[in-house]
Amino acid sequence: MAKIIDGKKISAAVRDGVKAEVAKLKEQGIHTCLAVIIVGDDPASKIYVANKEKACEYTGIESRKYALPAETKMEELLALIDKLNNDKTVNGILCQLPLPKGLDEKRVIEAISPQKDVDAFCHENVGKIMTGEFDFLPCTPAGIMEMLEYEGIDPAGKNCVVIGRSNIVGKPMGMLLLHKNGTVTICHSRTRDLPEVTRRADILVSAVGKANFVTADMVGDGAVVIDVGMNRDENGKLCGDVLFSEVEKKASAITPVPGGVGPMTIAVLMKNTLTAARRQNNL
Ligand code: GUN
């Protein structure tokens, strides 16, 4: 049976570290603040934003929420981002995705000042991930790296297979594993004989977004399996990409859903906001 990697426990340790550092900044008269923009009323986005607000409250970071109606015009959204870019009391800006139809996500991402882009989504921050000279790392891949480190799992020399090539998870995940000297393969919908590739993984990361996509025949004995999926099964129950009941019998370690990668993503967001506050105060 696999070891269950406890994202709640590991993320609590990260959040406690941030809380202590935020308190230290406060003693120096520096107040840390994250602005969160949510447009429309997508139920999943509302839950994510509420969880981010909770994490801010816990760590002592001020959270300023801007909830805009779905009919918001691009110009209005860009004007708000411009105002927040120029507001010295705001250290980080996050615009929850996806945006309602008619709003241009790419333009929104590039409008956020790179120094306040705590998601690390803009071109400048993405480019820095390639060279390894980053200030911020995208929250989900960075959270996964923290989990691996906490569990003493070193990617160096290992076969690391990522399923999914999104800009937010798959591509940066591959890059971070490469920075840690993993031998990285990124798979996608056009990959030939996917099970043959994934079976060779020592570390397998699935970021596909399909319930029960990764079955036991796709996993080698003793693999470390990281599940980024947040899906609903046929009964409407929250589940990941990995068929947990089967795969846990083969893996050496596995993340559950919920309670795995999800809490880590938010903990890294807090870390990035702290980093932004430090940088903006030349610390
Ligand atoms: N929507 C789903 N995940 C994320 C995230 O990490 N950041 C933002 N801004 N939107 C998201």
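If you read the sequence from its start, that first residue is 1, and numbering goes on from there. Note that this is a predicted model, so its numbers are computed, not measured. Counting convention: from 1, in listed order, for ligands and their atoms alike.
As a member of the Ile/Leu/Val/Met/Phe/Trp/Tyr network built from side-chain separations under 4.5 Å, Phe244 groups with Ile4, Val161, Ile163, Leu194, Val197, Leu204, Val208, Phe213, Val214, Met218, Val219, Val225, Val242, Val247, Ile254.
For atom 9 (N) of ligand 1, the closest heavy atom belonging to the protein is Asp119 OD2, 2.7 Å.
Proximity annotation for atom 3 (N) of ligand 1: of Glu105, Gln96, Met230, Gln96 comes nearest, heavy atoms only.
Under 4.0 Å is where a charged nitrogen must lie from a carboxylate oxygen, and between Glu146 and Lys271 at least one such pair does. Between Lys249 and Asp221 no salt bridge is recorded (no basic side-chain N to carboxylate O distance below 4.0 Å).
There is a side-chain donor-acceptor pair under 3.5 Å between Asp241 and Ser206.
Less than 4.0 angstrom separates some heavy atom of Leu97 from each of these atoms of ligand 1: 1 (N), 2 (C), 8 (C), 9 (N), 10 (N), 11 (C).
The shell of residues lying under 4.0 angstrom from ligand 1, judged by heavy atoms, includes Cys95.
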